[in-house]
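Below, read A as the first sequence line, B as the second, and so on, with proteins coming before strands; counting in each chain starts at 1. These numbers come from a predicted model, not from an experiment.
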Amino acid sequence: MPAYQIRTPTTALPQGVVMAASPGTLHSPQQLAEEATRKRELRLMKNREAARECRKKKKEYVKCLENRVAVLENQNKTLIEELKALKDLYCHKTE
DNA sequence: TATCTATCTCGTCAGTAACG
DNA sequence: CGTTACTGACGAGATAGATA
């Protein structure tokens with residue numbers, strides 16, 4: 001599992017989703033088919049939401065990495081400047 | 001302006017890890 | 001072991017920019 005992923009189980013049902021009837025109340029093949037369809041639609045809806053959330057998290061993760069790259073590049077630049085200055089100082093001392 | 005191409009976005013499927 | 005959430009891969013449609 002990627003490091004940016006934190007599992008947080010969701011309990012809320014997506015908007016517009018109606019809970020299926022309890023198993024004991026199903027009888028005819030018609031009802032069974034409807035139940036299967038409902039289950040499939042619910043699964044697709046949840047997966048759709050999950051995919052959106054996953055992509056959002058990934059985007060944020062990438063943005064975070066890009067920020068970190070920028071910070072490190074700046075630090076590197078500063079350190080190079082500092083090293084250069086110290087070298088100059090040292091050279092002039094030894095002359 | 002019509003067509004082509006590259007890139008982006010979204011939904012779905014399939015596989016996997018984690019949980020109870 | 002069954003269920004659930006997460007995510008990589010894929011295909012389809014949308015969009016933007018280039019070219020004749």
Give every pair of a protein N or O atom and an N or O atom of nucleotides 12-14 of chain B that lie under 3.5 Å apart, one pair per line with the distance.
{"unit_1": "B:dT12", "atom_1": "OP2", "unit_2": "A:R48", "atom_2": "NE", "d": "2.7"}
{"unit_1": "B:dT12", "atom_1": "OP2", "unit_2": "A:R48", "atom_2": "NH2", "d": "2.9"}
{"unit_1": "B:dC13", "atom_1": "OP1", "unit_2": "A:R40", "atom_2": "NH2", "d": "3.2"}
{"unit_1": "B:dC13", "atom_1": "N4", "unit_2": "A:N47", "atom_2": "OD1", "d": "3.1"}

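Between atom OG1 of residue A:T37 and atom CZ of residue A:R40 there is a gap of 9.0 Å, rounded to the nearest 0.5 Å. Here CD of A:E73 is found 12.0 Å from CZ of A:R68. Values are rounded to the nearest 0.5 Å. Rounding to the nearest 0.5 Å gives a distance of 12.5 Å between CG of A:L83 and OG1 of A:T78.
Among the nucleotides B:dT9, C:dC6, B:dG11, the one closest to any side-chain atom of A:R52 is B:dG11.
Rounded to an integer number of Å, the gap from A:K46 NZ to C:dT3 C1' is 10 Å. In this structure, A:K57 places its NZ atom 8 Å from C1' of C:dC6, rounding to the nearest Å. For A:K58 and C:dA9, the NZ to P distance is 8 Å, given to the nearest whole Å.
Here the side chains of A:E60 and A:K56 are in contact, with some heavy-atom distance below 4.5 Å. Here the side chains of A:L79 and A:E82 are in contact, with some heavy-atom distance below 4.5 Å.
Under the salt bridge (charged side-chain N to carboxylate O under 4.0 Å, His left out) criterion, A:R48 pairs with no residue, sequence neighbours left out.
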Scan nucleotides 11-16 of chain C nucleotide by nucleotide, 5' to 3', and note B when protein non-hydrogen atoms come under 4.0 Å of the base, S if they reach only the sugar-phosphate, - if neither. ------

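Salt bridge present: A:R52 and A:E49 bring a charged side-chain N and a carboxylate O closer than 4.0 Å.
Judged purely by distance below 3.5 Å, without hydrogens or angles, the side chains of A:E35 and A:Q31 never pair a donor atom with an acceptor atom.
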